[in-house]
Structure formats: structure tokens, C-alpha cells
Number of protein chains: 2
Amino acid sequence: MTVQLEGRLASRGDTPLGDRCGIDRTMQLIGNRTAMLLLREAFHGATRFDSLHKRVGVTEAVAAQRLKELVAAGVLAKEPYREPGQRTRHAYVLTEAGHALLPVVTALLEWGGRYAPSPYGPTPLAHAGCGEPVHTELRCEAGHAVPEEELVLGTPLEG
Amino acid sequence: MTVQLEGRLASRGDTPLGDRCGIDRTMQLIGNRTAMLLLREAFHGATRFDSLHKRVGVTEAVAAQRLKELVAAGVLAKEPYREPGQRTRHAYVLTEAGHALLPVVTALLEWGGRYAPSPYGPTPLAHAGCGEPVHTELRCEAGHAVPEEELVLGTPLEG
DNA sequence: GTGCTGACTATGTCATCGCATAGTCAGCGG
DNA sequence: CCGCTGACTATGCGATGACATAGTCAGCAC
């Protein structure tokens with residue numbers, strides 16, 4: 001019923017993990033509502049400050065602050081671009097680390113659609129190739145779907 | 001390079017999504033560091049208040065508050081139990097909605113291990129069945145791995 | 001060089017989240 | 001019924017995050 005633990009983790013008693021844990025570090029970097037919503041819009045293809053702040057629905061000050069943090073975290077990069085007849089502007093684009101956050105974003109989206117339903121209903125994800133619904137799930141490199149009770153957590157401190 | 005949008009979402013201009021978005025609702029319910037860390041410990045099998053608050057490393061007041069919120073959100077349930085020779089206590093156990101958060105937690109863990117590295121190294125996930133490393137990824141119901149550029153987002157407001 | 005627009009920055013205020021310390025409360029052992 | 005322990009609750013304070021309003025700044029159009 002719970003994740004299996006290995007090595008030092010298995011008998012850590014009640015000592016806190018602190019920043020040994022990747023969840024903690026991730027949440028400290030990008031674990032707030034506004035950052036996630038900015039990422040959502042980045043995945044939707046929004047790149048301009050104006051568009052991002054309006055679509056997320058926060059004030060410019062907050063958007064500027066969060067975007068600065070996301071750039072500092074290496075999740076977004078500021079790239080100069082110029083449209084014809086326009087001055088040079090900066091686009092916020094997802095870095096590799098940013099793109100790697102897609103499972104986080106989709107997992108939050110799926111869960112919210114199912115367990116925090118709204119009058120608007122869930123937002124379905126689909127595969128462009130075959131049209132089938134898409135889910136965020138655990139798979140091992142051998143291709144097996146991994147249910148919770150078959151998940152083993154190693155410890156980073158040994159070996 | 002970005003998620004493809006369908007229907008009303010495709011041309012929403014710069015209007016905010018607000019709580020039409022499952023990401024937003026999820027983040028409002030459980031989108032803070034302490035809640036995620038409490039869930040981490042719940043997945044590790046911790047059920048008792050004392051254990052949870054110590055392992056997460058927050059004060060009792062904060063743990064009590066967050067646990068109350070998680071119970072209200074339907075993610076944890078308080079269940080009475082009695083050990084022999086002990087008085088009745090309450091265990092915090094994951095509900096079905098709570099278990100459904102596993103992909104969120106593992107996605108955060110994986111990302112942190114890779115892109116917010118610590119001196120302790122990443123925490124590897126493995127499949128108990130075959131020993132292979134496990135990843136949180138997007139799959140369609142036909143079994144295809146879905147890369148970002150093949151992901152289509154529907155809109156909840158039509159049909 | 002004036003105006004316009006996109007992209008911020010500044011200020012002030014309020015709510016939320018965290019910490020630290022201290023207090024409460026229930027019930028079993030003695 | 002006294003004390004201990006686990007599980008909270010209360011209070012006070014500082015940091016963070018949000019909002020609203022207003023100001024700045026760069027550069028192209030004219």
C-alpha cells in the first residue's frame with residue numbers, strides 16, 4: 001500500500017529529510033501557484049510578458065517576480081527576438097529543464113480534473129497520433145506500468 | 001515545441017483561465033511545500049501525527065494545519081486505531097484521491113533529482129518486479145509514449 | 001521630440017505561511 | 001487521581017506572496 005524503501009531510507013526513524021529530497025528542492029524553486037500557471041502558459045506557447053501575465057491573471061509585478069525566479073531556476077530563458085517594424089523584445093521560452101516539467105504540469109492537471117472538479121469539467125489530454133486519452137503514469141524502462149505497491153525508492157546516500 | 005490546443009482554448013487570446021484550470025485548483029488545494037512533503041511521508045508509510053511532523057521538519061502547529069487542509073481536500077483520511085495497551089489514536093491515511101497524487105509526487109522528485117541536484121544525488125525510483133529504473137511519463141491508452149509535441153489539450157467547455 | 005506601447009519597477013497594504021514558545025486535553029499506567 | 005505521552009491549540013512575530021495603483025524606460029511611428 002505504500003512505496004517500498006531501500007537502504008538508509010528504510011530505517012530513518014523520524015529524522016527529517018530536509019533538502020536531501022528532490023521534492024523539497026523542486027517545491028522551493030517552483031512550488032507556488034503562479035509559477036505553475038506561468039509554466040502552463042509557457043507549454044501553451046505563450047512567450048511574451050504581456051501575454052503571460054494576462055493569461056495567468058496576476059499583476060505585472062507578481063508575474064515579473066515569478067518569471068525572474070523561473071529564469072534564475074533555469075526553467076525559462078529570456079531570448080531576444082524582433083518582429084518586423086518592432087523593437088527588440090524578449091521572449092520567455094522553456095529550457096530543457098522547463099520542458100522536463102511537463103509531467104509535473106500534466107499530473108497536476110489530471111488530478112485537478114478528477115478530484116477537484118469544477119463546473120467546467122476536466123481538460124482531457126489526447127495523443128495527436130492516435131487520438132487516445134493520455135495519462136501521466138509510472139513506467140519502468142522495461143516498459144511495465146508500475147503500480148504504487150511495486151515502486152521502490154532507493155536512497156541517495158549509499159553505494 | 002508546445003502543447004497543441006483544441007477548440008475554445010486554441011484562440012482564447014489573453015483571457016485568464018482562472019479556476020477553469022485543474023492545475024490552478026490543485027495548486028490552491030495542495031500546492032505548498034509542506035503539503036507535498038506530508039504526502040511524501042504518507043507515501044513512505046508514515047501515518048502518525050508525531051512521525052509526520054518530525055519527518056517533514058515543520059512545527060506541530062504547521063503540520064496540524066496542513067494535515068487538516070489535506071483531510072478537508074479529501075487527500076488524507078483520519079482513521080481511528082488502537083495498539084494493544086494504548087489509547088485510541090488517529091492515523092492519517094491516503095484516500096483514493098491521495099494515492100492518485102503519486103505521479104505528481106514522483107514527477108517532482110524526478111525533476112528535482114535531475115535539475116535541482118544536491119550533494120546527496122538523486123533518489124532513484126525502481127520497479128520491484130524487474131529492478132529497472134522508473135520514470136513518470138505521458139502515455140496514451142493505446143500504450144504509446146507521448147512526447148510533448150504530440151500532446152493535444154482539449155477544452156472543457158464544449159461538446 | 002512627442003506619443004504610444006510593451007515591459008517592467010516602486011510603494012503600500014493585506015493575507016498566508018513559517019517558526020518558536022507555551023498551553024491544553026485525553027486517556028492509560030501506576 | 002497523578003503523571004506521562006501523543007496530539008494537538010494558542011499566541012506572537014517575521015518572511016513571503018498577492019493585490020492595487022502609479023511610475024519608469026526603451027524605441028519605433030510620426
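In the text below, chain A, chain B and the rest are named by the order of the sequence lines, each starting its count at 1.
- For B:Glu69, the side-chain atoms get nearest to C:dC17 when compared with the rest of D:dG6, C:dC17, D:dT9.
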Under 3.5 Å, side-chain donor or acceptor atoms of residues 104-117 of chain A against the rest of the protein: list the pairs with distances, not counting sequence neighbours.
unit_1   : atom_1 : unit_2   : atom_2 : d
A:Thr106 : OG1    : A:Leu102 : O      : 3.1
A:Thr106 : OG1    : A:Pro103 : O      : 3.2
A:Thr106 : OG1    : A:Thr136 : OG1    : 2.8
A:Glu110 : OE1    : A:His135 : ND1    : 3.0
A:Glu110 : OE2    : A:Thr136 : N      : 2.5
A:Glu110 : OE2    : A:Thr136 : OG1    : 2.7
A:Trp111 : NE1    : B:Ala97  : O      : 2.8
A:Tyr115 : OH     : B:Glu96  : OE2    : 2.7

Extract from the structure each pairing of a protein N or O with an N or O of nucleotides 18-25 of chain C at less than 3.5 Å, listing the distance.
unit_1 : atom_1 : unit_2  : atom_2 : d
C:dG18 : OP1    : B:Thr34 : OG1    : 2.4
C:dG18 : OP2    : B:Arg66 : NE     : 2.7
C:dG18 : OP2    : B:Arg66 : NH2    : 2.9
C:dC19 : OP2    : B:Thr59 : N      : 3.4

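- Phosphate contact (OP1/OP2 of D:dA7, side-chain N/O of B:Lys78, threshold under 4.0 Å): absent.
- For A:His53 and C:dT5, the NE2 to P distance is 15 Å, given to the nearest whole Å.
- For B:Asp50 and C:dA26, the CG to P distance is 19 Å, given to the nearest whole Å.
- One interatomic measurement links the two molecules: CE of A:Met36 to P of D:dA18, which rounds to 13 Å at whole-angstrom precision.
- Considering only side-chain N and O atoms, A:Arg48 lies nowhere under 4.0 angstrom from the phosphate OP1 or OP2 of C:dG6.
- Atoms CE (B:Met27) and P (C:dC17) sit 12 Å apart, rounded to a whole Å.
- Between the CG atom of B:Leu38 and the P atom of D:dA7 there is a distance of 14 Å, given to the nearest Å.
- Here A:Glu150 pairs with B:His127 under the side chain to side chain donor-acceptor pair (under 3.5 Å) rule; sequence neighbours left out.
- Residues A:Gln65 and B:His90 both approach DNA chain D. Their nearest nucleotides, taken by heavy-atom distance, put B:His90 toward the 5′ side.
- Under the side chain to side chain donor-acceptor pair (under 3.5 Å) criterion, B:Arg66 pairs with B:Glu69, not counting sequence neighbours.
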Extract all donor-acceptor atom pairs below 3.5 Å that involve side chains of residues 72-80 of chain A and protein atoms in other chains or at least two apart in sequence.
none

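- In this structure a side-chain-to-backbone donor-acceptor pair under 3.5 Å is present from A:Arg25 to A:Asp19.
- Spacing between atom CG of B:Asp24 and atom P of D:dA18 amounts to 11 Å, rounded to whole angstrom units.
- In this structure, CZ of A:Arg55 is placed 13 Å from P of C:dA7, rounded to the nearest angstrom.
- No side-chain donor-acceptor contact under 3.5 Å links A:Arg48 to the backbone of A:Ser51.
- With sequence neighbours excluded, the residues forming a salt bridge (Lys or Arg N to Asp or Glu O under 4.0 Å) with A:Arg139 are A:Glu137, listed by chain and number.
- Rounded to whole angstrom, the span from the NZ atom of B:Lys68 across to the C1' atom of D:dT9 amounts to 8 Å.
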